[in-house]
Amino acid sequence: MKSPIRVVISGAAGQIAYNAIFRLLSGDVFGLDQPIHLVMLEVEPALKFLSGVDMEITDCAFPCLAGRTSTCDQLVAFKDADYVILFGAIPRGPGMERKDLLEKNKSIFEAQGKAMQEVAKPETRVLVVGNPANTNALILKKYATKLLPGHITAMSRLDHNRCIGQLAQKFNVTPGQIRNVFILGNHSGTMVPVLCHAELDHKKIIDQIDKEWMKENMQIVRQRGTKVIEARGKSSAASAAEAALDHMHDWYMGTPEGEIVSCSLAAPKDNKYGVPEGIVFSFPCISKNGEWVIQPLDVCEVLKEEIEKTIKDLLDEKKLAFNE
Ligand code: NAD
Ligand code: LMR
C-alpha cells in the first residue's frame, strides 16, 4: 500500500464539494491503492453542515480513507498538503458576470495564498475553481510564491468537457469517442473553444464542421454556466465537480498518449499563443510525471481576434484584482 496523500477541499460544505468528495474517496481519482487523508476546509459558520458531510463519509466506509480533518483554520488545512482543490468562494447568481465576484472573492485567495506560503510544501498542487477562477489563481500565485511553477492551476476542464459534450451530440456518438478539443483563455464569456484538432475515433473532424456550427458552439460553451444558473437557480455543481476530478485525475495519473486537455496555467514567456506573461490562461496541455506541459498547436486564423479579446479580458480582470 502507498503512503497516504493529503488532499484538501475548500468550501467542503458547499454544493460542488458535495458532488466531488464521495467520488474522490471512492478511488476514481487517485486509484484504489492510494490512501487519502481528506482535509475539509470551511468558514466557521459552515462547520455544522460540514459535520453532516463528515458523518456521511464515515457511513460510506471508503476502503482508501486514511483519515480526515475538518477545519476553519487555513494553516491547519494547507500544512503538508499534496493536492488542494479550492471550491470555497461565493458563486454568482442570475444576471451576474463571474468577474463581478472578484470584489468578494479576491480576499479569500489572498489569505489562502499567504497561508500556503507559510505552511504548504513547494510541491503542493493546487486547482482553483472558485470564480473568477483564472484571476483568483493569479492572486493566489502572487502570495504563494514558494509553490513550484505550474503547480497553481485554474479550472478550464468544465468548458473543455462542455465542448466535447456538444460535439458528441452533433455527431451522435459517445463523448468518449471525441478528444483533442481545447479551450484558450479565460473561464468567462470570452473563452475560445478550439476545434481544429478535434478527433472522432482518432480521426480529425474539422472538415465536417461548418463555420456556422462552430460559431454556435462557441456561444453555447461560453454561455453554458449562465444557462445552467437560469435553469437551476444555482450554478453548475455536478458537472463542475466532475471536471475538477478529471483535472486532478489527469494531473496525478497523466493524460493518455496523444490526448490533449485544457488547463489554465500562468502564461510562460514566449508561448506559441502570444499570451503575455502575468495572467493565468487556459492552454492545450498534456500531463506527464505530475506536470502540465503546454502543447504548441496551430490555431485557425479566424480565431486570432477572439484570442486577443480573451487576453484583454484577463488583463482587465488583473487590473481590477490588483487595483492597477
Ligand atoms: P457554494 O456556495 O455551494 O459553496 C461554497 C462554499 O465555500 C460554502 O460552503 C462557503 O461556506 C465556503 N467558503 C466561503 N469562503 C470560504 C473560505 N474562505 N474558505 C473555505 N470555504 C469557504 O458554491 P459552489 O456552487 O460550490 O461554488 C463554489 C465556487 O465555484 C463559486 O465561486 C462558483 O462560481 C465556482 N464555480 C466555478 C466553476 C469553474 O468552472 N471554474 C464551475 C462551477 C462553479
Ligand atoms: C460555470 O461555468 O458553470 C461556473 O463558472 C459557474 C458560473 O458562474 O457560471
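None of the values given here were measured: they were computed from a predicted structure. Note that ligands are numbered from 1 as they come in the structure, with each ligand's atoms numbered from 1 the same way.
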Discussion item. Under a 4.0 angstrom heavy-atom cut-off, which atoms of ligand 1 come close to Ser236?
Written reply: 43 (C)

Worksheet, complete the sentence: Looking only at protein heavy atoms, what sits closest to atom 3 (O) of ligand 2 is Ser236 OG, 2.5 Å

Worksheet entry | Atom indices of ligand 1, in the order listed, that fall short of 4.0 Å to a heavy atom of Ile108 | 15 (N), 18 (N)

Worksheet, complete the sentence: Near Ala13 (heavy-atom distance under 4.0 Å), the atoms of ligand 1 are 9 (O)

Item to complete: Specify the protein heavy atom at minimum distance from atom 30 (O) of ligand 1: its residue, its atom name, and the distance to 0.1 Å.
Response: Ile16 CD1, 3.5 Å

Worksheet item: Does ligand 2 have an atom under 4.0 Å from some heavy atom of Val228?
Response: no

Practice prompt. Give the ring-plane orientation class for Phe182 versus Tyr273, where under 30° counts as parallel, over 60° as perpendicular and anything between as tilted.
Written response: perpendicular

Worksheet, complete the sentence: The closest protein heavy-atom partner of atom 4 (O) of ligand 1 is Gly14 CA, 3.2 Å

Item to complete: Find all atoms of ligand 1 within a distance of less than 4.0 Å from any non-hydrogen atom belonging to Gln112, and give their numbers and elements.
Response: 19 (N)

Fill in: Contacting atoms of ligand 2, where contact means under 4.0 angstrom from a heavy atom of Gly225
1 (C), 2 (O), 3 (O), 9 (O)

Fill in: Closest protein heavy atom (residue, atom, distance) for atom 7 (C) of ligand 2
Arg92 NE, 3.2 Å

Worksheet entry | Closest candidate by heavy atom, reference atom 1 (C) of ligand 2, pool Arg232, Arg224, Met96, Arg162 | Arg162

Worksheet item: Which atoms from ligand 1 have a heavy atom of Leu158 less than 4.0 Å away?
Response: 40 (O), 42 (C)

Item to complete: List every atom of ligand 2 that sits less than 4.0 Å from any heavy atom of His187, numbering the atoms from 1 in the order shown and giving each element.
Response: 1 (C), 2 (O), 4 (C), 5 (O)

Discussion item. Looking only at distances, can you tell me whether any N or O atom of Thr226, backbone or side chain, sits closer than 3.5 Å to an N or O atom of ligand 2?
Written reply: no

Worksheet item: For Ser10 and ligand 1, does the shortest N/O to N/O distance drop below 3.5 Å?
Response: no

Item to complete: Taking only heavy atoms of Ser235 into account, list the atoms of ligand 2 that are under 4.0 Å away from them.
Response: 6 (C)

Item to complete: Number the atoms of ligand 1 from 1 as they appear, then name those within less than 4.0 Å of a heavy atom of Ala240, with their elements.
Response: 42 (C), 43 (C)

Discussion item. Return the closest protein heavy atom for atom 5 (C) of ligand 1 as residue, atom name and distance.
Written reply: Ala89 O, 3.5 Å

Discussion item. Distance under 4.0 Å to a non-hydrogen atom of Ile90: what atoms of ligand 1 satisfy this?
Written reply: 31 (C), 32 (O)

Practice prompt. Scan side-chain atoms only and decide if Thr153 and His247 contain a donor-acceptor pair under the 3.5 Å cut-off.
Written response: yes

Fill in: Proximal atoms of ligand 1 relative to Gly11 (non-hydrogen, under 4.0 Å)
6 (C), 7 (O), 12 (C), 20 (C), 21 (N)

